[in-house]
Asker: 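Pasting a structure here, questions to come.
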Amino acid sequence: MSLKIIIALAVLTEVIGTPNTTMRYEVDKSAHPNRVPETVEGPQIFEQPNLVEEDETEEDVMATEELNPNHYPAQRAAKVVQHYLNTRYGSPYKVFGLKKVYSGKVEDVTDIGVKYKLDLLVQEMIENTTVRCSAEVVFARGENSSQVQVSCEELLKINTTAQEEALYQQYKIQRNFLSAENLPDNYGHIEPDMKPLWHLGAVASSFVMLNESTENTLYNMARVANVTQLATENEQLKFDYHVLLHDMVSQEIIHWKLLVTWSPPEGVKVLEMKKLPHCHNCETLSDAS
């Protein structure tokens, strides 16, 4: 082999490189963590902790939204807080209503649901006492259920023990069981001695409305169609209620039958709740008497 051929082969080897040189080049290229080759599978990208943390932070920020306190989303969530308070603290002399929503935020929480954070004013309707509260409402994803947390310490200071005990003794010892219908009547009137039954019906209805509430519902108690006191074998007073709930979204009046017990020590309990079939021929609120 001539000297020229040997020199040519040496130059060609230097340009192409040996297999070891090529492997060293590939290792050096993959040493840069921010460079993702086109052939790398997607899941390998998420093995980079910095990238995952940055993506999650961006998603959380994008999923949080300020709410108009006067619009449906904030009002619906606040109504759930009202119903929750009634189920926990309500009585014939203590009924809570929503007075005002000051502010609200909503956040989509992965694998949990939609969380609402609210600053609101709650009114105790009988004594006309208002208390400012903060609350969180979580509507579970894929379920018709909600979780509520409320910070409302001033509510615990409302003391109605004396009135409740007097009413309990009155209902307990009377010979004839109580009964009433159409509370309130078409003119919005309720006889004074029937108001505790109306209040008890409102609290019991909150059990239904809390159970039925979702992000797409908004309920109000419309009327006690009728209520009858029942015999009981223990210290709990027992009542059979037929209540009318107003679905504010569909404008439908929904009928429910409730079996309710109450005593001052045990509070209000709903033992049974049954939604009655829709009746096209039933009387409406405007023509009930």
Asker: Charged N to carboxylate O under 4.0 angstrom, D108 versus R141?
Answerer: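 The answer is yes: the pair qualifies as a salt bridge.
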Asker: Please examine the side chains of L244 and I254, heavy atoms only from C-beta on, and report whether any two atoms are closer than 4.5 Å.
Answerer: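 A side-chain contact is absent here, since even the closest heavy-atom pair is not under 4.5 Å.
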Asker: Just how far is it from atom CG of L121 to atom OG1 of T130, taken to the nearest 0.5 Å?
Answerer: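 Output value for this atom pair is 5.0 Å.
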Asker: Look at atom NZ of K172 and say whether more than 12 heavy atoms of other residues, nucleotides or ligands are closer to it than 6.0 Å.
Answerer: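 Counting other residues, nucleotides and ligands, NZ of K172 exceeds 12 neighbours.
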Asker: Tell me yes or no: between the side chains of E165 and Q169, is some donor less than 3.5 Å from an acceptor?
Answerer: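 Their side chains do contain a donor-acceptor pair, which is all the 3.5 Å distance test asks for.
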Asker: May I ask you to decide if V95's main-chain N or O and E124's side chain share a donor-acceptor pair within less than 3.5 Å?
Answerer: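 Confirmed, E124 side chain pairs with V95 backbone.
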Asker: With clusters defined by side-chain heavy atoms of hydrophobic residues (ILVMFWY) lying less than 4.5 Å apart, directly or transitively, does L167 cluster with I173?
Answerer: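 No: no chain of side-chain contacts under 4.5 Å links I173 to L167.
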Asker: Compare every heavy atom of G104 with every heavy atom of L118, then report the nearest pair and how far apart it is.
Answerer: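 What the structure gives for the nearest pair is CD2-CA, 4.0 Å.
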Asker: With hydrophobic residues grouped by side-chain heavy-atom distances under 4.5 Å, do L237 and M194 end up in a single group?
Answerer: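 Cluster IDs for L237 and M194 match.
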Asker: Could you tell me if the side chain of S263 sits less than 4.5 Å from the side chain of E235, heavy atoms only?
Answerer: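 Sidechains of S263 and E235: no contact.
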Asker: If you measure from NE2 on H255 to CG on L276, what distance do you get to the nearest 0.5 Å?
Answerer: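 One finds 7.5 Å between NE2 of H255 and CG of L276.
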Asker: Is the backbone N or O of K94 less than 3.5 Å from a side-chain atom of S91, with the two atoms forming a donor-acceptor pair by type?
Answerer: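 The answer is yes, because a donor-acceptor pair under 3.5 Å joins these two groups.
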Asker: Does atom NZ of K195 have more than 12 heavy-atom neighbours, drawn from other residues, nucleotides or ligands, at distances under 6.0 Å?
Answerer: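 Open.
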Asker: Between atom OH of Y241 and atom CG of L197, what is the distance when rounded to the nearest 0.5 Å?
Answerer: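 Y241 atom OH to L197 atom CG measures 4.5 Å (nearest 0.5 Å).
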Asker: With a 4.5 Å cut-off on side-chain heavy atoms, are V227 and S179 touching?
Answerer: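 No - every pair of side-chain heavy atoms lies 4.5 Å or more apart.
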Asker: Check R223 against P184 and note the closest heavy-atom contact, atom names and distance.
Answerer: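 Here R223 and P184 meet closest at NE-O, 3.0 Å.
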Asker: Going by an N to O cut-off under 4.0 Å, is there a salt bridge joining K257 and D240?
Answerer: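 Salt bridge present between K257 and D240.
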Asker: Quick check: is M221 connected to M248 through a chain of hydrophobic side chains (ILVMFWY, heavy atoms under 4.5 Å apart)?
Answerer: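 No: no chain of side-chain contacts under 4.5 Å links M248 to M221.
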Asker: For the CZ atom of F207 and the CG atom of L258, what is their distance to the nearest 0.5 Å?
Answerer: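 If I round to the nearest 0.5 Å, the distance is 10.0 Å.
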Asker: With no hydrogens and no angle check, just 3.5 Å: does a side-chain donor-acceptor pair link Q229 and Q174?
Answerer: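 Distance-only check passes for Q229 and Q174.
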Asker: Can you check whether V224 reaches H242 side chain to side chain, under 4.5 Å on heavy atoms?
Answerer: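 Side-chain contact under 4.5 Å: no.
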Asker: Checking side chain to side chain contact (heavy atoms under 4.5 Å, CB included) between F96 and each of V122, V131, V81, T87, which is the one that passes?
Answerer: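 For F96, the side chain to side chain contact (heavy atoms under 4.5 Å, CB included) check succeeds only for V122.
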Asker: Within the 4.5 Å heavy-atom criterion, are F177 and L230 side-chain neighbours or not?
Answerer: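 SC-SC contact between F177 and L230 ruled out.
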Asker: Quiz question: by atom type and distance under 3.5 Å, do the side chains of H246 and Q251 form a donor-acceptor pair?
Answerer: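 There is such a pair between these side chains.
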Asker: Going from NZ on K115 to OG on S146, what distance comes out if it is rounded to the nearest 0.5 angstrom?
Answerer: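 Going from the NZ atom of K115 to the OG atom of S146 covers 14.0 Å.
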Asker: Any side-chain heavy atom of V208 sitting closer than 4.5 Å to one from S205?
Answerer: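 No, every pair of side-chain atoms sits at 4.5 Å or beyond.
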Asker: Please report the closest heavy-atom contact between P92 and I126, naming both atoms and the distance.
Answerer: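 So the two residues come closest at O-CD1, 3.6 Å.
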Asker: Do F139 and Y116 have ring centres separated by under 6.0 Å?
Answerer: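 Centroid distance F139-Y116: below 6.0 Å, so yes.
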Asker: For residues 266-274, which side-chain N or O atoms pair as donor and acceptor with protein atoms under 3.5 Å away, sequence neighbours left out?
Answerer:
unit_1: E266; atom_1: OE1; unit_2: K269; atom_2: NZ; d: 3.4

Asker: Ignoring hydrogens, what is the shortest heavy-atom contact between A74 and N68? Give both atom names and the distance.
Answerer: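 Closest approach of A74 to N68: CB-O, 3.7 Å.
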Asker: Looking only at atom types and distance, does a side-chain atom of Q75 sit under 3.5 Å from a main-chain N or O of P69, one as donor and one as acceptor?
Answerer: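 Flag set: sc Q75 to bb P69 pair under 3.5 Å.
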Asker: I'd like to know if the side chain of T214 pairs up with that of N216 as donor and acceptor (distance under 3.5 Å, no hydrogens or angles considered).
Answerer: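 Per modelled atom types, T214 and N216 side chains form no pair under 3.5 Å.
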Asker: Rounded to the nearest 0.5 Å, what separation is found between the CD atom of Q82 and the OG atom of S213?
Answerer: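 So the gap between those two atoms works out to 9.5 Å.
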Asker: If Ile, Leu, Val, Met, Phe, Trp and Tyr residues are connected whenever their side-chain heavy atoms lie under 4.5 Å apart, and connections chain through other members, are L218 and I253 in the same group?
Answerer: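 Each belongs to a different hydrophobic cluster.
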Asker: Would you call the rings of W262 and Y168 parallel, tilted or perpendicular if under 30° counts as parallel and over 60° as perpendicular?
Answerer: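 Perpendicular: the ring planes of W262 and Y168 meet at over 60°.
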Asker: Does the side chain of V80 come within less than 4.5 Å of V148's, by heavy atoms?
Answerer: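 They are in contact (side-chain heavy atoms under 4.5 Å apart), so the answer is yes.
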Asker: Do V150 and L98 belong to the same hydrophobic cluster, where Ile, Leu, Val, Met, Phe, Trp and Tyr are linked whenever their side-chain heavy atoms lie under 4.5 Å apart, directly or via other members?
Answerer: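 Yes, it is one cluster - the side chains of V150 and L98 are joined through contacts under 4.5 Å.
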Asker: Measure across L178 and Y171 and return the closest heavy-atom pair with its distance rounded to 0.1 Å.
Answerer: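 Between these two residues, the closest heavy atoms are CD1-CE1, 3.1 Å.
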Asker: Which atom names give the shortest non-hydrogen contact between T232 and K238, and what distance separates them?
Answerer: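 It is CB-CB, 4.4 Å.
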Asker: With distance as the sole test, does D185 use its side chain to make a donor-acceptor pair with the main-chain N or O of Y187 at under 3.5 Å?
Answerer: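 Such a contact is found between D185 side chain and Y187 backbone.
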Asker: Begin from the C-alpha positions of R132 and D119 and carry the test side-chain contact (heavy atoms from CB on, under 4.5 Å) through to its verdict.
Answerer: CA-CA 7 Å; R132 190 160 182 168; D119 179 17; 2.6 Å; yes
Asker: Would you say V249 and T217 make side-chain contact, with heavy atoms under 4.5 Å?
Answerer: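 The answer is no, as the side chains (C-beta and beyond) never meet within the 4.5 Å cut-off.
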Asker: Scan for salt bridge (charged side-chain N to carboxylate O under 4.0 Å, His left out) pairs involving residues 66-80, sequence neighbours excluded, and state none if there are none.
Answerer: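 Every salt bridge (charged side-chain N to carboxylate O under 4.0 Å, His left out) pair that includes a residue of residues 66-80, provided the two are not neighbours, is E66-K105.
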Asker: Among N220, D247, L245, which one satisfies side chain to side chain contact (heavy atoms under 4.5 Å, CB included) with M209?
Answerer: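 Filter result, single survivor: L245.
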